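Keep in mind that what you see is a predicted model, and the values were worked out from it rather than measured. Order of the sequence lines sets the chain letters (A, B, ...), proteins ahead of strands, with each chain counted from 1.
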Number of protein chains: 2
Amino acid sequence: MSMSEARYEGLRLEHQLCFPLYACSRMVIKKYRPFLDAINLTYTQYITMMVLWEEDCISVRDLGNRLFLDSGTLTPLLKSLEAKGFLRRYRSQEDERVLLVQLTEEGLALREAAADVPAQIAGCIALSPEEAQALYGILYKLLLGSDTTDE
Amino acid sequence: MSMSEARYEGLRLEHQLCFPLYACSRMVIKKYRPFLDAINLTYTQYITMMVLWEEDCISVRDLGNRLFLDSGTLTPLLKSLEAKGFLRRYRSQEDERVLLVQLTEEGLALREAAADVPAQIAGCIALSPEEAQALYGILYKLLLGSDTTDE
DNA sequence: TATAATTCAATTGTACTCAATCGATTGGAC
DNA sequence: GTCCAATCGATTGAGTACAATTGAATTATA
């Protein structure tokens with residue numbers, strides 16, 4: 001191997017960890033589409049609803065902390081979910097800066113329709129329970145490893 | 001645990017594999033930004049250049065197969081890289097449907113400036129070599145497992 | 001208590017992602 | 001040789017992501 005080839009070896013696509021991470025993430029999200037289309041949600045809207053089903057009446061800030069998303073992404077997304085009738089947005093009485101999100105009846109009812117999605121997706125993922133567990137552990141270590149979001 | 005709680009248990013965000021995958025992918029791409037800003041590339045442009053540094057004169061189709069991206073993403077991205085002077089786009093002589101991409105001098109030279117990026121990123125990733133290897137293996141199994149892109 | 005710093009969501013602008021469609025080109029069947 | 005299906009890239013439109021800025025509200029400070 002020449003000197004220049006050795007220098008560029010690290011730049012080969014198959015030597016990157018970021019690339020399969022990026023490609024897998026998009027692939028898995030794609031697999032959700034047919035199931036989420038059926039309940040009128042996108043993937044990002046789905047994980048947002050997931051947080052709300054666990055913890056209703058949450059601020060945009062706390063929602064963003066759970067999902068690692070900022071208001072630039074969440075504001076239009078929450079407006080869209082509001083337009084679909086799944087939630088209401090209102091300012092906090094105690095602190096007018098804070099915008100709270102609360103599920104509507106329809107938003108709460110959607111949980112029933114969504115309940116089968118995880119099992120349906122599991123059927124599309126070709127991974128053993130051990131591999132899934134290992135993947136989960138490593139991803140969370142990476143995610144919470146150095147810091148919350150970056151650096 | 002009530003019956004309804006059990007039914008909704010699978011919908012909890014921390015029980016999903018997709019979410020840390022999605023969040024990690026975005027987090028890692030974010031880490032690239034300062035290094036890629038310095039060489040005037042976005043993350044997607046960077047992995048595209050990576051393929052071109054390995055295999056110059058490639059069709060949009062083959063590029064898409066390597067990156068799991070379609071022309072809807074690649075066409076504007078390649079036009080942007082062309083506008084920056086890193087590559088040229090031209091139709092194949094043999095088949096006018098095929099658009100080939102070829103690096104310019106500047107595009108080739110950029111490889112030298114990019115050569116340090118992988119090592120710089122590695123310093124930001126809090127993962128042992130064993131974990132990185134395990135993650136890599138599982139991600140590629142997931143990626144190539146059932147099919148190339150979806151279903 | 002004025003004012004300065006901070007917090008919060010919204011906005012703006014750039015850049016993807018992807019489904020769906022289109023139009024041109026090509027290769028195959030007859 | 002002429003339709004016919006397939007292939008390829010471009011386009012369109014909706015929906016994120018995210019850096020950077022703005023403006024209102026709140027808190028801390030002098």
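Here B/Asp56 pairs with nothing under the salt bridge (charged side-chain N to carboxylate O under 4.0 Å, His left out) rule; sequence neighbours left out. A/Arg61 meets the salt bridge (charged side-chain N to carboxylate O under 4.0 Å, His left out) test with no other residue; sequence neighbours excluded. Applying the ring-ring contact (aromatic ring centres under 6.0 Å, His included) rule to A/Phe35 yields no partners; only residues at least two apart in sequence or on another chain are considered. For A/Arg91, there are no salt bridge (charged side-chain N to carboxylate O under 4.0 Å, His left out) partners at least two apart in sequence or on another chain. Among residues two or more places apart in sequence or in another chain, the salt bridge (charged side-chain N to carboxylate O under 4.0 Å, His left out) test is passed with A/Arg88 by none.
Mapping A/Gly72 and B/Leu100 onto DNA chain D by nearest heavy atom places B/Leu100 closer to the 5' end of the strand. Comparing A/Ser59 and B/Pro76 against DNA chain C, the residue whose closest nucleotide sits nearer the 5' end is A/Ser59.
Heavy-atom distances under 4.0 Å link DNA chain D to A/Thr42, A/Thr44, A/Gln45 of residues 39-51 of chain A, given in residue order. Of the residues in residues 77-90 of chain A, A/Leu77 come within less than 4.0 Å of DNA chain D through at least one heavy atom, sorted by number. Residues of residues 12-26 of chain B having a heavy atom closer than 4.0 Å to DNA chain D, listed by number: B/Tyr22, B/Arg26.
Of the residues B/Leu99, B/Leu69, B/Leu78, the one that meets the side chain to side chain contact (heavy atoms under 4.5 Å, CB included) test with B/Leu63 is B/Leu78.
The listed nucleotides are D/dT11, C/dA10, D/dC18; the one nearest the side chain of A/Leu69 is D/dC18.
Residue A/Leu63 contributes atom CG, which lies 13 Å from atom P of D/dA17 at whole-angstrom precision. The nearest whole Å value for the distance from the CG atom in A/Leu99 to the P atom in C/dT7 is 19 Å. At whole-Å resolution of the value, CZ in B/Phe68 and P in C/dC18 are 11 Å apart. The distance from atom NZ of B/Lys30 to atom P of D/dA17 is 11 Å, rounded to the nearest whole Å. Rounded to whole angstrom, the span from the CG atom of B/Asp70 across to the P atom of C/dA20 amounts to 12 Å. Computed from coordinates, the A/Asp37 CG to D/dG15 P distance equals 11 Å when rounded to whole Å. Computed from coordinates, the A/Leu67 CG to D/dT16 P distance equals 12 Å when rounded to whole Å. The distance between atom CZ of A/Arg91 and atom C1' of D/dG23, rounded to the nearest whole Å, is 11 Å.
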Show the distances under 3.5 angstrom between N or O atoms of the protein and N or O atoms of nucleotides 24-27 of chain C.
| residue | atom | partner | partner atom | Å |
| --- | --- | --- | --- | --- |
| C/dT25 | O2 | B/Arg97 | NH1 | 3.4 |
| C/dT26 | OP1 | B/Glu96 | N | 3.0 |

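With values rounded to the nearest 0.5 angstrom, A/Leu41 atom CG is found 5.5 Å from A/Lys84 atom NZ. A distance of 6.5 Å separates CZ of A/Arg66 from CD of A/Glu55, quoted to the nearest 0.5 Å. Residue B/Asn40 holds its CG atom at 8.0 Å from CG of B/Leu110, rounded to the nearest 0.5 Å. The CD1 atom of B/Ile29 lies 9.5 Å from the OG1 atom of B/Thr42; values are rounded to the nearest 0.5 Å.
The stretch residues 33-45 of chain A participates, sequence neighbours left out, in these salt bridge (Lys or Arg N to Asp or Glu O under 4.0 Å) pairs: A/Arg33-A/Asp37.
Between the side chain of A/Thr75 and the base of C/dA9, no donor-acceptor pair under 3.5 Å is found.
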May I have the list of side-chain donor-acceptor pairs in residues 121-136 of chain B shorter than 3.5 Å, sequence neighbours left out?
| residue | atom | partner | partner atom | Å |
| --- | --- | --- | --- | --- |
| B/Ser128 | OG | B/Glu130 | OE1 | 3.3 |
| B/Ser128 | OG | B/Glu131 | N | 3.1 |
| B/Ser128 | OG | B/Glu131 | OE1 | 3.3 |
| B/Glu131 | OE1 | A/Lys141 | NZ | 2.9 |
| B/Glu131 | OE1 | B/Ser128 | N | 3.0 |
| B/Glu131 | OE2 | A/Lys141 | NZ | 3.2 |
| B/Tyr136 | OH | A/Glu14 | O | 2.4 |

Without placing hydrogens or testing angles, list every side-chain donor-acceptor pair under 3.5 Å for residues 15-24 of chain B, not counting sequence neighbours.
| residue | atom | partner | partner atom | Å |
| --- | --- | --- | --- | --- |
| B/His15 | ND1 | B/Glu9 | O | 3.0 |
| B/Gln16 | NE2 | B/Gly10 | O | 2.6 |
| B/Gln16 | NE2 | B/Arg12 | O | 2.9 |

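The side-chain heavy atoms of B/Leu143 and B/Phe68, taken from C-beta on, include a pair separated by under 4.5 Å.
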